[in-house]
Amino acid sequence: MSLPSPDTLINRELGILAFQKRVLAQAEDAGMPLLERLKFLCIVSSNMDEFFEVRVAGLQEQIRAHSPQHSPDGMTPRQQYRAVSDTAHALVARQYELLNDEVIPALAEYGIHFLRRTHWTDAQAAWIRDYFHRELMPVLTPVGLDPSHPFPRVLNKSLNFAVELSGRDAFGRNSGAAVVQAPRALPRVIRMPEAIAGVEYGFVFLSSILHAHVGELFAGMTVAGCYQFRVTRNSDLFVDDEENKNLRETLAGELPQRHFGAAVRLEVADNCSESMANFLLEQFELDRDALYQVHGPVNLVRLMQVPDWVDRPDLKFSPFVPALPARLAHKEDIFDQIRKGDILLHHPFESFQPVIDFIEQAAADPNVVAIRQTVYRTGTDSQLMQALIRAAQSGKEVTVVVELLARFDEDTNINWAQRLEQVGAHVVYGVVGHKTHAKLALVIRREDGALKRYAHLGTGNYHARTARLYTDFGLLTCNEELTQDVGQLFTQITGLGKAGKMKRLWQSPFTLHGEIVAAIEREADNARTGKPAAIVAKMNALLEPNVIAALYAASQAGVKIDLVVRGVCALKPGIPGLSDNIRVRSIVGRFLEHTRIFYFRNTGGEELVYLSSADWMDRNFFRRIETCFPVLNPKLRKRVIAEGLKPYLRDNAQAWEMQADGGFRRKTSRRAQPYCAQAELLALYARQK
């Protein structure tokens, strides 16, 4: 099978930015609760931070190395960087336009004010002056720039102020410039007492307070200008597989350097003087394309706290209580219930608590002899990790595969690994060169003189907080073939030896890619011979060229293909003669769509439904340990189709249809009633608080 030609593929970096535009559209939506619109603005900033720290940083490295490599769509690194820069600048400009022209004025109508420096009353100015002297001045360290004080090291994404000065100090110095770094412990938004603010919720930006009083840090000198700035740095960690002897120790040594990687982006206030902007670019060795001048705080992520401080339920999504499966609603013995049949959990509409109960009951059960679990992202206060620690302390065999290279969760995972080792758990860090991304837990229990396996397999992380924010499926089962495969996979990761053939699981990096391509090709064969043929797949990203080639060939054979891809999709739908039968849509709503579901209409004579931890990307197929597991129970299989696929194909409220040129168009219908998949599932399962 030949790979797709460059003109039939979408650029990955531009596809990621297209997804950020769809997230930003949530903040543009006047029908969205107002404080949630603010949150979506913050989410875009957080996503863009990571995009620059990883994706743009990679492009810049390729440019510096004069890499001849072209992207699958045929662009050089420099061409990609230019296209990314143009798109990102436009996106950021729209983001701040929304903040200043729509969201902040609308919040003010509800008594939620961001008090601007130019509008402070005398009482407000006095309170702020006292706050500055009491809370800020003692911890600020101004650095004048001269031969004895070179430009300071600036941490990744930290808030800083460039100050232009005139006059001479006590030592007769006049460098003309200084830098003030705001410690990370300081809040970026401060709530003013209601009596002083004159409104119920009055907030002041830290930057406004420092601007007002920065002159007091430079006694006797004149402040000609004060400009907030923030630099984003390359945050990809480099670990040499050949030189590495102890991954945890190596990584612990590397993590502090993340704050000082090569600069990638410079954000400055839009009133920053041209001379100061050029000076900062020179200090960070950045070109003009890397400069982002913004009208407002340089780090909108810090505004994410504001909705939590504001008690206005009418301006937020309605809270809900996730459902519990009827079989688990009364704290029954979870192992008894699993023996009666597989249990399917659909988060966040159904609670994550049964997964916690599964491990906690195993930890306390004297009949359980061993627990094994993978950990990719889990949180700093994880009940699951605490339960594994108790299990190890009670003498059970506990094995935990901790992925230390889970980006931006390395510190948390190192800490859990250390705590687990201290109580005697077996902690392994996966396989060198392959991230362990599979979501698996295995409990081995002695019953009637024999050992019986129970397993949880999921599409999402073992993270209770994100389980309320992300859509995912999980399966609790004691099916002998599935649990045997899970046990074999753990042995494969922790030990040494050839990969054995598994009965039910498809696994990366060995069989998953081949099985997916083969399943697509079988649907194409069915279509050619007049049999029923259809593919429906839901995932976060679709990039792998061989899978795309197989989908194009299946479309040409007449297979109807529906793809629900939340993020970047390199495949182009609707191209005559190539992808006429392929439809691609993206759902962006209250919850982050995270499920990976693969449906094949008539592969092998029956409908197949698989759930997976893996997207259809090169890294997931070839550089990660992933699993893809079948839903064997017919009733549960129908339920996955009814809840995980059909509502998303019907959605006309939060769906975006991908066009043949790679652009996305909001799906709306004047005739049909609005239908929102996430809202329907909430109504089906969750109870309103």
Side-chain angles (χ1 to χ4, degrees), residues 239 244-252 255 334-335 352-406 409-432 434-446 451-458 460-465 467 474 476 483-497 613 625 627:
V239 178
N244 173 40
K245 304 300 181 187
N246 183 310
L247 181 58
R248 194 182 76 200
E249 291 180 4
T250 301
L251 196 57
L255 279 173
I334 199 162
F335 300 108
F352 188 70
Q353 188 60 43
V355 182
I356 298 173
D357 292 343
F358 177 59
I359 299 300
E360 287 189 332
Q361 287 190 32
D365 188 341
N367 293 320
V368 169
V369 297
I371 305 173
R372 299 170 183 170
Q373 187 171 335
T374 60
V375 172
Y376 192 76
R377 302 189 196 280
T378 190
T380 56
D381 56 351
S382 171
Q383 289 178 260
L384 286 168
M385 296 299 99
Q386 297 285 2
L388 291 173
I389 288 171
R390 292 195 299 273
Q393 288 172 326
S394 69
K396 296 181 183 352
E397 288 293 310
V398 176
T399 302
V400 186
V401 181
V402 179
E403 181 47 68
L404 295 184
L405 290 171
D409 277 279
E410 298 94 346
D411 265 328
T412 298
N413 289 0
I414 287 173
N415 289 334
W416 282 121
Q418 290 173 328
R419 293 180 63 183
L420 286 161
E421 285 180 340
Q422 288 168 358
V423 295
H426 304 294
V427 179
V428 295
Y429 307 126
V431 177
V432 173
H434 293 77
K435 284 187 180 181
T436 303
H437 193 248
K439 324 297 184 185
L440 302 170
L442 183 70
V443 171
I444 302 171
R445 193 169 185 265
R446 188 172 297 282
L451 295 178
K452 187 173 182 64
R453 300 184 184 94
Y454 296 81
H456 173 267
L457 304 92
N461 296 305
Y462 289 109
H463 197 306
R465 186 180 66 82
L476 291 163
T483 58
Q484 182 179 331
D485 282 354
V486 172
Q488 183 177 328
L489 192 144
F490 274 108
T491 300
Q492 186 185 99
I493 295 172
T494 61
L496 297 170
S613 60
I625 296 172
T627 54

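Counting from 1, the numbers follow the sequence of the chain as shown.
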Practice task
For Lys435 and Tyr376, indicate whether the former's side chain and the latter's backbone hold a donor-acceptor pair under 3.5 Å.
Solution key: no
Handout entry: Main-chain N/O of Thr627 paired to Ser613 side chain as donor or acceptor, under 3.5 Å
Key = yes
Practice task
Check step by step if side-chain hydrogen bond (donor to acceptor under 3.5 Å, both in side chains) holds for His426 and Glu397.
Solution key: CA-CA 8 Å; His426 304 294; Glu397 288 293 310; 2.9 Å; yes
Contact summary for [X] and [Y], nearest pair of heavy atoms:
X: Ile371; Y: Ala363; value: CD1-N, 4.0 Å
X: Val427; Y: Val402; value: CG1-CG2, 3.9 Å
X: Leu442; Y: Phe490; value: CB-CE1, 4.0 Å
X: Thr412; Y: Gly379; value: CG2-O, 3.6 Å

With [X], the side-chain contact (heavy atoms from CB on, under 4.5 Å) member among [options]:
X: Arg372; options: Leu440, Val443, Thr399; answer: Thr399
X: Tyr462; options: His456, Arg377, Gln383; answer: His456
X: Val375; options: Leu420, Thr436, Val400; answer: Val400

Handout entry: Donor on one side chain, acceptor on other, Asp357 and Gln361, under 3.5 Å
Key = no
Exercise for the section: Could you tell me how the ring of Phe335 sits relative to the ring of Phe358: parallel (under 30°), tilted (30 to 60°) or perpendicular (over 60°)? Expected result: tilted
